[in-house]
Amino acid sequence: MTDHPALRALEFHHVGMACKDIEDEAARMAPLGYRAEGPAFVDPLQGVRGQFLGGQYPRLELLQPHDG
């Protein structure tokens, strides 16, 4: 994050990460200080299952294919 006014608008809300298994990936991110922000969710329109992780910057959104 930055205090420079011109760059504040460029900060990320989150970064999406495609993975095969969100639980496995969340466990790999835990030693770096990332923690689940809530329960996993399903987005049927995008065909993904997801999980937001916070506690560090940038915030992460883990995404895996839903139903194959």
Side-chain angles (χ1 to χ4, degrees):
M1 292 189 243
T2 182
D3 288 327
H4 192 285
L7 297 179
R8 264 188 238 139
L10 300 176
E11 291 180 10
F12 289 100
H13 179 264
H14 69 275
V15 174
M17 292 178 55
C19 57
K20 291 182 181 181
D21 185 295
I22 59 176
E23 285 82 10
D24 287 347
E25 194 64 33
R28 281 192 277 282
M29 300 306 286
L32 299 175
Y34 284 97
R35 301 284 180 260
E37 292 185 345
F41 60 88
V42 173
D43 184 336
L45 292 175
Q46 294 185 48
V48 297
R49 185 168 169 256
Q51 173 74 60
F52 280 100
L53 303 180
Q56 294 294 329
Y57 186 82
R59 178 180 186 223
L60 302 178
E61 180 184 21
L62 304 179
L63 299 165
Q64 76 177 46
H66 181 61
D67 290 336

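Evaluation of the side-chain hydrogen bond (donor to acceptor under 3.5 Å, both in side chains) rule for Gln51 yields no partner, not counting sequence neighbours. Scanning for salt bridge (Lys or Arg N to Asp or Glu O under 4.0 Å) contacts around Arg28 gives Glu25, with sequence neighbours left out. Looking at residues two or more places apart in sequence or on another chain, you find no side-chain hydrogen bond (donor to acceptor under 3.5 Å, both in side chains) involving Gln56.
Here ring-ring contact (aromatic ring centres under 6.0 Å, His included) pairs that include residues 18-41, with residues two or more places apart or in two chains, are Phe41-Phe52. Residue pairs meeting the salt bridge (Lys or Arg N to Asp or Glu O under 4.0 Å) criterion with at least one partner in residues 32-47, sequence neighbours excluded, are Glu37-Arg59.
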Hey, can you pull the donor-acceptor pairs under 3.5 Å for the side chains in residues 14-22, sequence neighbours left out?
| unit_1 | atom_1 | unit_2 | atom_2 | d |
| --- | --- | --- | --- | --- |
| His14 | NE2 | Glu61 | OE1 | 2.9 |
| Asp21 | OD1 | Glu23 | N | 3.0 |
| Asp21 | OD1 | Asp24 | N | 2.8 |

